[in-house]
K.L.:
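Below: one structure in structure tokens.
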Amino acid sequence: MSYLFFSRRCASYLGRQTDLPAEQETVLAYIIEVLVLNFLNIFFTLLLGAFLGVMPGTVTCLVIAILFRHSAGGAHSNSPLRCAIVTIAIFPLLALLGAYLSRLDQGVVDMLSAVAFGVGITAMIMLAPVDSPAAPIISPLRRKKLKYISITFVGLVIAAAMWLRGSQWQYAEMVRACITLTLLWVSFMLTDWGHKIMTIIDSISLKK
């Protein structure tokens, strides 16, 4: 596994200071890279959302995705950098689409929401949790617990969307549309098609 320059340098410095074995230094480089890239991808995702004028929707998409990511799982990229690129691109675009849908007749969002909630419940019951080969879920009890949590989250976002439908908040309809779109996205990432998309992304070389 290759690491970015900064993570190798930081891990090498810390390894020299603490006399870490080479294999532990490699693990440390990976941890540093994941932490830094996670911070940067959230920062740049929000920055792009602000630039596009859809900050509330982008925050909504991120929060919903993070909730389901840690319970339902889903398709993973083999590279934290590629994962960051996907995050930075997808969630502001979903927020932009949500902003567009919110300007249409309310019935459009109602219909899309009904579809999304049906798809979401079905996906969580039938597919969640979806683990990764690098971190398989071995315990049947933990797998069952994560499935229940995922289904509960669907119920919570349904309740939030229903509350927002009658809210006078200026961003209520946009946030409701973003909840719907993100639920569709996280459900899609549980499927074989979601895994195929990430496989295609992983096959793209980032080196010149």
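Numbering of residues begins at 1 and proceeds along the displayed sequence. Quick caveat, the model's predicted, so the values are computed rather than measured.
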K.L.:
Shared ILVMFWY cluster between Met126 and Val186, side chains joined below 4.5 angstrom?
P.N.:
yes
K.L.:
Which residue pairs satisfy the side chain to side chain donor-acceptor pair (under 3.5 Å) criterion with at least one member in residues 85-106, sequence neighbours excluded?
P.N.:
Gln106-Arg165
K.L.:
With rounding to the nearest 0.5 Å, note down the distance linking OG in Ser139 to NZ in Lys144.
P.N.:
11.5 Å
K.L.:
Provide the closest heavy-atom pair for Met189 versus Gly194 in the form atom of the first, atom of the second, distance.
P.N.:
CE-O, 4.0 Å
K.L.:
What's the separation between atom OH in Tyr148 and atom CD1 in Ile125, rounded to the nearest 0.5 Å?
P.N.:
10.5 Å
K.L.:
Answer with yes or no whether the hydrophobic clustering places Leu40 together with Phe51; edges join I, L, V, M, F, W, Y residues whose side-chain heavy atoms lie under 4.5 Å apart.
P.N.:
yes
K.L.:
Would you check if Met124 and Leu190 make a side-chain contact, meaning some heavy-atom pair closer than 4.5 Å?
P.N.:
yes
K.L.:
Mind checking whether Leu112 and Leu181 have side chains closer than 4.5 Å, heavy atoms only?
P.N.:
yes
K.L.:
Would you check if the side chain of Arg176 reaches a backbone N or O of Met162 as a donor-acceptor pair within less than 3.5 Å?
P.N.:
no
K.L.:
Distance from Ile66 atom CD1 to Phe91 atom CZ, nearest 0.5 Å?
P.N.:
8.0 Å
K.L.:
Tell me the closest heavy-atom pair linking Leu94 and Cys61, and the distance in Å.
P.N.:
CB-SG, 3.9 Å
K.L.:
What's the separation between atom CD1 in Ile90 and atom CG in Leu97, rounded to the nearest 0.5 Å?
P.N.:
11.0 Å
K.L.:
Are side-chain heavy atoms of Glu173 and Leu164 found at a separation under 4.5 Å?
P.N.:
no
K.L.:
When hydrophobic residues are tied together by side-chain contacts of less than 4.5 Å, even through go-betweens, does Leu46 share a cluster with Ile64?
P.N.:
yes
K.L.:
Listing request: all ring pair (Phe, Tyr, Trp, His ring centres under 6.0 Å) pairs with a residue in residues 154-180, at least two apart in sequence or in separate chains.
P.N.:
Trp169-Tyr171
K.L.:
Answer yes or no: is there a donor N or O on one side and an acceptor on the other, between the side chain of Ser203 and the main chain of Ile200, under 3.5 Å?
P.N.:
yes
K.L.:
Under the side-chain contact (heavy atoms from CB on, under 4.5 Å) criterion, do Ile158 and Leu183 qualify, and how do the steps go?
P.N.:
CA-CA 10 Å; Ile158 290 173; Leu183 182 54; 5.6 Å; no
K.L.:
Answer yes or no: is there a donor N or O on one side and an acceptor on the other, between the side chain of Arg142 and the main chain of Ile137, under 3.5 Å?
P.N.:
no
K.L.:
Applying ring pair (Phe, Tyr, Trp, His ring centres under 6.0 Å), name anything that partners Trp193, two or more places apart in sequence or on another chain.
P.N.:
none
K.L.:
Check Val154 against Phe117 and note the closest heavy-atom contact, atom names and distance.
P.N.:
CG1-O, 4.4 Å
K.L.:
With sequence neighbours left out, which residue pairs that include part of residues 58-72 fulfil the side chain to side chain donor-acceptor pair (under 3.5 Å) condition?
P.N.:
Ser71-Ser150
K.L.:
To check you understand the geometry: which heavy-atom pair defines the closest contact between Thr45 and Ile88, and what is its length?
P.N.:
OG1-CA, 3.3 Å
K.L.:
To the closest 0.5 Å, what do you measure between CG (Leu101) and CE (Met111)?
P.N.:
12.5 Å
K.L.:
What are the two closest heavy atoms between Ala75 and Met198, and how far apart are they?
P.N.:
CB-CG, 3.5 Å
K.L.:
Please tell me whether Leu93 and Val86 are part of a single hydrophobic cluster in this structure, the criterion being side-chain heavy atoms less than 4.5 Å apart.
P.N.:
no
K.L.:
Applying side chain to side chain contact (heavy atoms under 4.5 Å, CB included), name anything that partners Leu67, two or more places apart in sequence or on another chain.
P.N.:
Val63, Phe153
K.L.:
Any side-chain heavy-atom pair from Leu48 and Phe44 closer than 4.5 angstrom?
P.N.:
no
K.L.:
Taking side chain to side chain contact (heavy atoms under 4.5 Å, CB included) as the definition, give me every residue that meets it alongside Val115, ordered by chain and number, with sequence neighbours left out.
P.N.:
Val119
K.L.:
Out of curiosity, Ser187 OG to Leu127 CG, how far, rounded to the nearest 0.5 Å?
P.N.:
8.5 Å
K.L.:
Please find the pair of heavy atoms, one from Ala99 and one from Val54, that lie closest to each other, and give the distance.
P.N.:
CB-CG1, 3.8 Å
